[in-house]
There are 2 protein chains.
Amino acid sequence: MTTAEDQSSRGNDTKRRLEVAALATIREEGIARVSARNVASRAGCNQASIYYHFGSLHELLTAASLRSTEVRVATYRQRLATVDSLRELVALAGEMHAEERELGNVTVLAQMLAGGQTDEDLREPTAAALQLWITEVEATLRRLLADTPLEGLIDVHGFARTVSAAFIGIELMEGISGPNEPSPLDTLEQLVDLMETLLELGGVGGAALRWQMGRVRRSGGER
Amino acid sequence: MTTAEDQSSRGNDTKRRLEVAALATIREEGIARVSARNVASRAGCNQASIYYHFGSLHELLTAASLRSTEVRVATYRQRLATVDSLRELVALAGEMHAEERELGNVTVLAQMLAGGQTDEDLREPTAAALQLWITEVEATLRRLLADTPLEGLIDVHGFARTVSAAFIGIELMEGISGPNEPSPLDTLEQLVDLMETLLELGGVGGAALRWQMGRVRRSGGER
DNA sequence: GTCTATAGCTGGATAGAC
DNA sequence: GTCTATCCAGCTATAGAC
């Protein structure tokens, strides 16, 4: 027999398969080739189901990107909480990057970001999904920079946005790089390594450094 | 009368109008909406001309992006040559960003980069156009870092790629940002300002800094 | 809830008139 | 060199059978 619950669960199943299929299509074929037919055939159902369940293709993309980003961010929230230095943060970024090749949430965001430049309906869901990442990055940065000479010298909110934007740009560039090019993340690792080492300076050098930073702070307003 | 030269010049005119129209379409409507019909109507000519002049839409995009990037890079080559510090480099990036709103070469590259993730035919022309930028950035960075403590500590080629990738990510993020968000470039300016100030350290502090950097250099291989 | 069928577009690409 | 005409594939969105 077919109860209301069976129907509802079967309906949810198709609905979720459509979300999964939508993300896979963006990731593997690019935002330009996301169409109702294409996504539906991946989900193994009919095109019309998209309009039944979501009303439009855009609403499907909105739902799918938000849900998957939420899941992805939640798993990283724990890991971000254990990070204790910029060095570890970049190392975590490296792990993330490796997992990206498989799961591709950032890849999806990059595609939506590109699409959102000119597609009004894509803008809001993209901004919302991005904000989920930015919020986590910002919280981590704020924690790391607290009680360091850098605190107060840097606009952490803006910095978190810059870091997120850079990460997306790096993901995009990796996507078309030949196999022999150095990974942009490795370079970043070098830089942060350097920065950290400088900040860990002890003794006379460290004192001089912190004094100089105080000078920067005091004259920070006028450039 | 109609001489062979007249014909050739009229042909070139249409050909170039098509290139201009292709770029405008990518910039204003996004890579997803670039179609032969769409571009041709912008150029004020018939769709079939694209296949006559370029053979395919992809070849039109290849030609257009390379030509426009060459022009754009050439104008910046001069300005990059006058840059004397990281601070000035970031300031120039700010100017570039402002001009981008009007001319949009980086916007075009960002769109092609997004498209190139999944479209084989777009990959090569995108990589070629990007390489034009990366080459200039790399030359400038190499010049700036020469004779500083950073020389030899950083993989300049990789760094130039990272910087370029980050710039593109930033352009993309600006494209969907609300008006009240801080520009990621401003944050970058803060950071580089800080870095420069540190590198300009004189006296005891500077000596300690350079000593520490030497230590980083010597242990640079094993992390 | 899921399907088929359909309307009405837009797409790439080519053939052939001029 | 540029046009019209054309083929056929794919698209969104809806109507309506089951």
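Sequence lines set the chain letters: A, B, ... in the order given, protein chains first and strands last, and positions in each chain run from 1.
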Practice problem: Please determine, by modelled atom types, if B:E29 and B:N38 share a side-chain donor-acceptor pair under 3.5 angstrom. | Solution: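 The answer is yes; a qualifying pair exists.
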Quiz prompt | B:H53 versus B:E59, side-chain donor and acceptor atoms under 3.5 Å | solution =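 No, B:H53 and B:E59 have no side-chain donor paired with an acceptor closer than 3.5 Å.
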How long is the line joining [atom1] of [X] and [atom2] of [N], in whole Å?
{"X": "B:D119", "N": "C:dG12", "atom1": "CG", "atom2": "C1'", "value": "13 Å"}
{"X": "B:R33", "N": "C:dG12", "atom1": "CZ", "atom2": "C1'", "value": "18 Å"}
{"X": "A:L57", "N": "D:dT14", "atom1": "CG", "atom2": "C1'", "value": "15 Å"}
{"X": "B:F54", "N": "C:dG12", "atom1": "CZ", "atom2": "C1'", "value": "16 Å"}
{"X": "A:I50", "N": "C:dC3", "atom1": "CD1", "atom2": "P", "value": "11 Å"}
{"X": "A:Q47", "N": "C:dT6", "atom1": "CD", "atom2": "P", "value": "15 Å"}
{"X": "A:K15", "N": "C:dT2", "atom1": "NZ", "atom2": "P", "value": "11 Å"}
{"X": "A:H53", "N": "D:dA13", "atom1": "NE2", "atom2": "C1'", "value": "16 Å"}

Quiz item: Which of these, A:E95, A:E174, A:E171, sits in a side-chain contact (heavy atoms from CB on, under 4.5 Å) with A:E100?
Solution: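 It is A:E171; the other options fail the test.
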Check whether any side-chain nitrogen or oxygen of [X] sits under 4.0 Å from OP1 or OP2 of [N], and answer yes or no.
{"X": "A:Y51", "N": "D:dT14", "value": "no"}
{"X": "A:S35", "N": "D:dC11", "value": "yes"}
{"X": "B:H58", "N": "C:dG12", "value": "no"}
{"X": "B:N46", "N": "D:dT4", "value": "yes"}
{"X": "B:S56", "N": "C:dG12", "value": "no"}
{"X": "A:T14", "N": "C:dT2", "value": "yes"}

Quiz item: Would a distance-only check, ignoring hydrogens and angles, find a side-chain to backbone donor-acceptor pair under 3.5 Å from B:R143 to B:V83?
Solution: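 Flag set: sc B:R143 to bb B:V83 pair under 3.5 Å.
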Quiz item: Just by distance, do the side chain of B:Q111 and the backbone of B:R27 share a donor-acceptor pair under 3.5 Å?
Solution: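 Absent.
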Self-check item: A:N38 side chain, from C-beta outward: closest of D:dC11, C:dC3, D:dG1
Solution: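 Nearest listed nucleotide: D:dC11.
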Exercise. Remember a base hit wins even if backbone is also touched, and classify B:A48 as base, sugar-phosphate or nothing at under 4.0 Å, heavy atoms.
Key: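 Result for B:A48 = base.
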